[in-house]
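Naming convention: chains lettered A, B, ... in sequence-line order (proteins, then strands); numbering from 1 in each chain. No experiment lies behind these values; they were computed from the predicted model shown.
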There are 2 protein chains.
Amino acid sequence: MKSRRDDLVETALNLFYVHGFNATGIDRILSESGVAKMTLYKHFRSKDELILAALQLRDERFRNWLMAEMEKSSTDPEERLMAMFPALETWFLGKAFKGMGFYGCAFINAAGEFGDQAHPAHRLAAEHKRRIVDYLVELCRDAGLPDPEGLAEQLALLKEGAIATAHVRNMPEAARTAEKMARVLIESAKARRGNPAE
Amino acid sequence: MKSRRDDLVETALNLFYVHGFNATGIDRILSESGVAKMTLYKHFRSKDELILAALQLRDERFRNWLMAEMEKSSTDPEERLMAMFPALETWFLGKAFKGMGFYGCAFINAAGEFGDQAHPAHRLAAEHKRRIVDYLVELCRDAGLPDPEGLAEQLALLKEGAIATAHVRNMPEAARTAEKMARVLIESAKARRGNPAE
DNA sequence: CATAAAACAGACAGGTCTGTATATTTGTCA
DNA sequence: TGACAAATATACAGACCTGTCTGTTTTATG
């Protein structure tokens, strides 16, 4: 059972994602969700709070989707890591979230609009990224890969690069580029296991 | 001799970069640049045109800076490629452009606010990224590296990933992560030279 | 069914935004 | 100095923005 609050946050997330935060007025969110203005301000103190709620929903939904994609691919941790990249490609192609095309990463976009590191939306974006890195570290550890923290940071950086490239340049194939790079980097890390010369 | 138009575009670029495009009103650009409103609309038809002019200035200035940083590092093409990453780090630390802190990539930010691929600002962002890739391809070729186009795309992807990571998570050290990755990828490409098995 | 909470419609205040109009001042160059 | 172009200040129109207020209707629950 979806509450009016859920309708609101859902609609807000979609509009913010497609058109940006500052460019999306609450009147549009209200008319598209069919919710009255007073109801909005009963649930949220301000538009900023609605933005935060939308980003929290996005964080939860995106990470759940990504982890599910990775985990359904295999039971092997290393294969699960590599499964991140085909998952990204389906996202880039607009096939990941129903009724929602690809407009880049909502959190990179949020950090762009709210450039100040102290802004709550920017902090939320940083948290989102950190949570994903944490998950990758876990998988690297399970896979028995050397320097799991360092390798997870590398894979996360590939993910960010693929997202930015796919969106700005309209190049969904960036996922495949990142995939190839990940393979090389993981093999290189393995080759240096116990042989960390240089 | 700087014209009023230059003052306008310069101030606009700074404000757009720090606060975002939609969040920056013309009145603020006018008051900070000390230019009258009618002068703006004599030089530009609309705010959108001013945004495009600011992004064009940014494109020119950023690429000139990056290429100069890379070229002053060495005469060897491969070393020049690798010099991109220390250059990125000085940027992330706010030491690249005087009086201008680091607020991510202006073009990633623009693509975020103007999500539609057909929007002129988004297209300009894509062009900016393509021009940088072109330069990297050229360097890869000069360095005699195999598959220069593919390798340049990889290095560009590392650059995007480092930028996004440095900005969203406030991690300037992402430049060093990307640098290490680049070294591995270049060595791997060389090792497969004439031996493109698998 | 009765009652209370929730959501509704719609107007409105106060501010900000882009863009225009008008009239005055500044600067340049002959 | 005189003439012309450029930039200025200021006011304003019209739209949009967030957030508030009032009163009505719907919905859920006992």
Side-chain angles (χ1 to χ4, degrees), chain A residues 1-57 109-110 112-116 119-122 124, chain B residues 1-57 106 109-110 112-116 118-122 124:
Chain A
M1 49 165 50
K2 298 175 64 181
S3 66
R4 290 289 184 257
R5 186 185 187 280
D6 293 340
D7 291 339
L8 221 35
V9 178
E10 178 86 34
T11 306
L13 171 58
N14 276 274
L15 290 173
F16 288 149
Y17 181 56
V18 175
H19 302 288
F21 299 93
N22 285 307
T24 303
I26 39 178
D27 285 346
R28 181 155 183 201
I29 297 168
L30 294 172
S31 72
E32 293 206 12
S33 65
V35 174
K37 191 174 271 193
M38 282 312 293
T39 306
L40 189 162
Y41 286 100
K42 195 162 293 179
H43 289 292
F44 303 97
R45 246 198 274 245
S46 63
K47 181 188 177 182
D48 278 339
E49 276 196 9
L50 178 59
I51 288 174
L52 295 183
L55 285 174
Q56 269 155 10
L57 173 63
N109 297 350
E113 283 205 54
F114 309 111
D116 184 2
H119 192 289
H122 197 128
L124 225 154
Chain B
M1 45 166 51
K2 298 177 63 177
S3 66
R4 290 287 184 255
R5 186 185 187 282
D6 292 341
D7 291 340
L8 220 37
V9 177
E10 178 87 35
T11 305
L13 172 57
N14 276 276
L15 289 172
F16 287 150
Y17 181 54
V18 175
H19 301 289
F21 299 92
N22 285 306
T24 302
I26 306 185
D27 287 346
R28 181 153 183 204
I29 297 168
L30 294 173
S31 71
E32 293 205 12
S33 63
V35 174
K37 190 174 271 194
M38 281 312 292
T39 306
L40 190 163
Y41 284 100
K42 196 161 292 179
H43 288 292
F44 304 97
R45 248 198 267 238
S46 64
K47 180 187 177 184
D48 277 339
E49 276 196 10
L50 178 58
I51 289 174
L52 295 184
L55 285 175
Q56 269 156 8
L57 173 62
N109 297 349
E113 284 205 53
F114 308 110
D116 183 2
H119 192 289
H122 196 128
L124 225 153

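Atom-to-atom, CG of L40(B) to P of dA21(C) comes out at 16 Å; the value is rounded to the nearest Å. In this structure, CG of D48(A) is placed 13 Å from C1' of dG19(D), rounded to the nearest angstrom. One can place CE of M38(A) at 14 Å from C1' of dA13(C), the figure rounded to the nearest angstrom. Note: NZ (K42(B)) to P (dG19(C)) measures 17 Å, nearest angstrom. Put simply, CG on D6(A) is 11 Å from P on dA7(C), counting in whole angstrom units. Taking atom NZ on K47(A) and atom P on dC16(D), their separation rounds to 15 Å, with Å as the unit. To the nearest angstrom, P of dA7(C) lies 11 Å from CZ of F44(A).
For the segment residues 9-37 of chain B, the set of residues with a heavy atom within less than 4.0 Å of an atom of DNA chain D comprises G34(B), V35(B), A36(B), in numerical order.
With hydrogens and angles ignored, the 3.5 Å screen pairs no side-chain donor or acceptor of T11(B) with any backbone N or O of L8(B). Side-chain N or O atoms of S31(A) include one that pairs as donor or acceptor with a backbone N or O of R28(A) at under 3.5 Å. The backbone N or O of N22(B) lies less than 3.5 Å from a partner atom in the side chain of E113(B), making a donor-acceptor pair.
Of the candidates dA7(C), dA9(C), dT18(C), dT18(C) carries the atom nearest the Y41(B) side chain, counting heavy atoms from C-beta on.
In this model, the phosphate group of dA6(D) is not approached by any side-chain N or O of H43(B) to a distance below 4.0 Å at OP1 or OP2. Side-chain nitrogen and oxygen atoms of R4(B) include at least one within less than 4.0 Å of the OP1 or OP2 phosphate oxygen of dT8(D). In this structure, S46(B) does not reach the dT18(C) phosphate: none of its side-chain N or O atoms is under 4.0 Å from OP1 or OP2.
Between L55(B) and A110(B), the closest heavy-atom pair is CD1-CB, 4.1 Å.
The shortest distance between side-chain heavy atoms of Q56(A) and L124(A) falls below 4.5 Å. Residues F44(B) and L52(B) have side chains not in contact (no heavy-atom distance under 4.5 Å, counting atoms from C-beta outward).
Applying the ring pair (Phe, Tyr, Trp, His ring centres under 6.0 Å) definition to pairs two or more places apart or across chains, those involving residues 4-29 of chain B are F16(B)-F21(B), Y17(B)-Y103(B), F21(B)-F114(B).
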